[in-house]
Amino acid sequence: MAKRRAYPSDLSDARWELIEPVLSAWRLERRSRALHFGRPPEHDLRDIMDAILYVDRTGVQWRYLPHDFPPWNTVCGYFAKWADEGVFAKLNGLLRQLLREKEGRNGEPSACVIDAQSVKTSTSVPASSQGIDAGKKIVGRKRSIITDTLGLLLAVLVTAASVQDSTAGAALLDRVAADHPRVRKVWVDGGYRQHLVEHAATLGIDMEITARKPGTRGFTPIPKRWAVERTYGWLMLNRRLARDYESLPTRSEAMIHLAMTSLMARRLTSENTISWRDPRSATEHPITG
């Protein structure tokens with residue numbers, strides 16, 4: 001069978017070299033737990049990953065995957081397994097450390113930023129996992145993320161939009177304190193309440209609430225917090241994240257990890273990203289995020 005033509009979302013050889021060891025180790029570990037190895041896997045892991053990246057980047061439904069990818073139900077099955085077993089989170093952590101070191105930083109951050117984004121959901125999302133963000137008048141889900149000061153993802157939590165920012169923020173801080181013990185500083189906006197500052201203090205983290213200056217109009221980047229706001233802009237380059245289409249919040253989190261993995265792999269290999277907002281060649285658009 002002739003090799004298919006590459007899509008813009010496909011992994012280059014250099015990016016595949018970064019990702020392949022984690023996926024191959026996952027497959028080997030799963031086969032070692034089986035009673036009998038049986039026949040070898042039918043589909044190549046790179047083809048599976050390319051198909052998942054295609055869905056995340058273009059926003060198509062699984063059933064609408066082009067026929068030159070492996071069968072859609074196989075691809076969807078791999079995505080579910082990798083999401084449930086933390087493979088995407090592991091890739092995100094590995095590439096984040098490599099990218100921080102490439103930027104001349106310590107592999108583990110000492111400061112971070114928290115923010116939340118409410119998004120609408122599709123009809124496939126169960127009503128039980130949705131809510132109403134009264135402030136933003138959005139019915140759907142809320143994505144709460146913590147990034148380092150470079151805007152690289154440390155943790156993500158997807159909840160109903162009705163969940164208070166401080167409630168989700170406390171859960172994220174607990175996770176960051178456990179996974180990244182070097183973190184001693186965090187910046188948040190005025191939507192986070194004082195009791196979260198006290199909770200951060202119990203974890204040994206100094207929390208600073210930043211806000212716009214009174215009378216400021218229009219878009220004005222806020223020192224320190226602009227990094228996390230830029231991360232949301234990066235995520236929106238993936239059409240699958242323009243709205244929440246996933247039936248389970250954990251699958252939504254996996255899509256976010258996947259988007260950041262793709263972005264960091266491109267930055268590590270100095271490759272460009274084609275924006276779906278502009279069909280011109282990627283060579284005309286050096287990557288900025």
Side-chain angles (χ1 to χ4, degrees), residues 52-53 55-57 59 61-62 76 78-93 96 112-148 151-180 186 188-189 191-193 196 199 225 227-264:
I52 295 173
L53 287 169
V55 170
D56 199 28
R57 189 71 181 182
Q61 298 177 39
W62 294 108
C76 185
Y78 270 85
F79 170 75
K81 292 173 184 175
W82 289 345
D84 295 344
E85 298 181 27
V87 172
F88 297 118
K90 184 174 183 179
L91 284 170
N92 183 82
R96 182 188 62 244
C112 58
V113 195
I114 306 179
D115 203 4
Q117 175 194 58
S118 293
V119 294
K120 296 180 180 179
T121 49
S122 73
T123 55
S124 61
V125 175
S128 59
S129 67
Q130 301 182 55
I132 301 175
D133 184 330
K136 298 177 182 176
K137 304 297 188 295
I138 290 178
V139 178
R141 283 179 175 161
K142 180 173 291 184
R143 299 165 179 162
S144 298
I145 64 173
I146 295 187
T147 72
D148 64 9
L152 307 180
L153 189 68
L154 299 180
V156 56
L157 179 64
V158 175
T159 63
S162 54
V163 172
Q164 290 290 332
D165 290 355
S166 295
T167 301
L172 284 175
L173 277 178
D174 289 341
R175 194 181 303 175
V176 165
D179 296 341
H180 307 281
V186 60
V188 298
D189 66 19
Y192 291 85
R193 299 177 179 177
L196 186 59
H199 179 72
R225 273 199 50 241
V228 71
E229 293 170 349
R230 182 181 61 176
T231 300
Y232 280 122
W234 292 340
L235 294 176
M236 288 301 101
L237 293 175
N238 297 272
R239 284 190 171 184
R240 187 77 177 195
L241 298 177
R243 183 182 287 256
D244 196 325
Y245 294 96
E246 315 309 321
S247 58
L248 299 176
T250 52
R251 305 287 165 79
S252 297
E253 294 168 6
M255 281 293 180
I256 292 171
H257 278 127
L258 179 65
M260 290 301 297
T261 294
S262 176
L263 180 145
M264 289 187 291

Report the C-alpha distance between Arg240 and Glu246 in whole Å, list the side-chain angles of each, state the deciding distance to 0.1 Å, and finish with yes or no for salt bridge (charged side-chain N to carboxylate O under 4.0 Å, His left out).
CA-CA 9 Å; Arg240 187 77 177 195; Glu246 315 309 321; 2.7 Å; yes
From CD (Gln117) to CG (Asp133), nearest 0.5 Å:
11.0 Å
Using a 6.0 Å cut-off, check whether atom NZ of Lys120 has over 12 heavy atoms from anything other than its own residue.
no
Ser144 side chain vs Ala168 backbone, donor-acceptor pair below 3.5 Å:
no
Atom CD in Glu253, atom CG in Leu258: separation rounded to 0.5 Å?
13.5 Å
How close do Ile138 and Ala161 get, heavy atom to heavy atom, and via which atoms?
O-CB, 4.1 Å
Could you tell me the separation between the CG atom of Leu157 and the OG1 atom of Thr250, rounded to the nearest 0.5 Å?
11.0 Å
Can you find a pair of side-chain heavy atoms, one from Val139 and one from Gln130, that are under 4.5 Å apart?
yes
Any non-hydrogen side-chain atom of Leu173 less than 4.5 Å from a side-chain atom of Ile114?
yes
Quick one: does Leu91's side chain get under 4.5 Å of His257's, heavy atoms only?
no
Return yes if some donor-acceptor pair links the side-chain N/O of Thr231 with the main-chain N/O of Ala227 below 3.5 Å, else return no.
yes
Among residues at least two apart in sequence or on other chains, which ones pass side chain to side chain donor-acceptor pair (under 3.5 Å) with Asp56?
none
Shortest non-hydrogen pair, Met260 vs Gly151, comes out as CE-O, 3.8 Å
With no hydrogens and no angle check, just 3.5 Å: does a side-chain donor-acceptor pair link Ser252 and Arg141?
yes
Kindly give the heavy-atom pair with the smallest separation between Asp148 and Leu154, and that separation in Å.
N-CG, 3.9 Å
Note, Asn92 side chain near Met264 side chain (heavy atom, < 4.5 Å):
yes
Taking Ser124 for the side chain and Tyr245 for the main chain, is one N or O donor matched with an acceptor at less than 3.5 Å?
yes
Is Leu241 close to Arg143 at the side-chain level, that is, under 4.5 Å between some pair of heavy atoms?
yes
Can you pull the salt bridge (Lys or Arg N to Asp or Glu O under 4.0 Å) pairs that have at least one residue in residues 151-175, sequence neighbours excluded?
Lys142-Asp165
Got a donor-acceptor contact below 3.5 angstrom from the Arg243 side chain to the Thr121 backbone?
yes
Show the numbers, then the answer: is there a side chain to side chain contact (heavy atoms under 4.5 Å, CB included) between Arg225 and Val188?
CA-CA 7 Å; Arg225 273 199 50 241; Val188 298; 5.6 Å; no
Looking at Ile145, Leu235, Thr147, which hits side-chain contact (heavy atoms from CB on, under 4.5 Å) with Val156?
Ile145
Taking atom OG of Ser118 and atom NZ of Lys137, what is their separation to the nearest 0.5 Å?
11.5 Å
Hey, does Trp82 have a side-chain heavy atom less than 4.5 Å from the side chain of Ile52?
yes
To the nearest 0.5 Å, what is the distance between OG (Ser129) and CG (Asp244)?
7.5 Å
Ring pair (Phe, Tyr, Trp, His ring centres under 6.0 Å) against Phe79, all qualifying residues, sequence neighbours excluded
Trp62, Phe88
Pro126 and Ser247 have their tightest heavy-atom pair at CD-O, 3.3 Å
Heavy atoms, side chains only, cut-off 4.5 Å: are Tyr232 and Met236 in contact?
no
